[in-house]
Amino acid sequence: MGELVEIVDSLENKVSKLLHKMELLHQANAKLKEELILAKEKNQLQQNAVNEWEEKYNSLKMANSMLGSNTNKTEAKLKINTLIRELDVCIAKLAD
């Protein structure tokens, strides 16, 4: 009978340790999920900043080419022609 009590006590002790480990793992998991959310938010903010800088860079590139810079002159001419065509279409639609 004494052996049975020892076995039960040992099992209770092991179950208690497992429950404690499980609780620690749940806490660690929650912390990691929170860190992941923060990392995703930071990544999104940085991606937005990159997009903003790319737009500014493209605008600056276009402005430089319009100011007579030899680089991207063809691109500027094509953009201007596209804008003129779009304006012509709008004027034609207004005239109808």
**Whether over 12 other heavy atoms sit under 6.0 Å from Glu3 CD** = no
**Prompt:** What's the spacing between Glu54 CD and Lys61 NZ if we round to 0.5 Å?
**Reply:** 10.0 Å
**Prompt:** Does the side chain of Met22 reach to within under 4.5 Å of the side chain of Leu25, using non-hydrogen atoms?
**Reply:** no
**Prompt:** Looking at Asn13, Ile7, Val8, Asp9, which one forms a side chain to side chain contact (heavy atoms under 4.5 Å, CB included) with Leu11?
**Reply:** Ile7
**Request:** For the residue pair Gln44 and Asn48, confirm or rule out a side-chain donor-acceptor distance under 3.5 Å.
**Result:** yes
**Message:** For Gln47 and Asn51: C-alpha separation, side-chain torsions, deciding distance, then whether side chain to side chain contact (heavy atoms under 4.5 Å, CB included) applies.
**Reply:** CA-CA 6 Å; Gln47 186 63 41; Asn51 291 339; 3.4 Å; yes
**Asked** Given the rule in the side chain to side chain contact (heavy atoms under 4.5 Å, CB included) test, do Ser10 and Lys14 qualify, once you have shown the distances and angles that lead to the verdict?
**Response** CA-CA 6 Å; Ser10 174; Lys14 288 179 182 179; 3.8 Å; yes
**Asked** Do the non-hydrogen side-chain atoms of Arg85 and Thr82 ever get within less than 4.5 Å of each other?
**Response** yes
**Item:** pair Leu60-Lys56: side-chain heavy atoms closer than 4.5 Å
**Value:** no
**Asked** Do other residues, nucleotides or ligands put more than 12 heavy atoms under 6.0 Å from the CD atom of Glu34?
**Response** no
**Complete:** Paired with Asn29, the side chain to side chain contact (heavy atoms under 4.5 Å, CB included) test is passed by just one of Lys33, Gln27, Lys31, namely Lys33
**Item:** Glu41 CD to Leu36 CG distance, which is reported to the nearest 0.5 Å
**Value:** 10.0 Å
**Asked** Hey, is the main chain of Glu12 close enough, under 3.5 Å, to the side chain of Ser16 for a donor-acceptor pair?
**Response** no
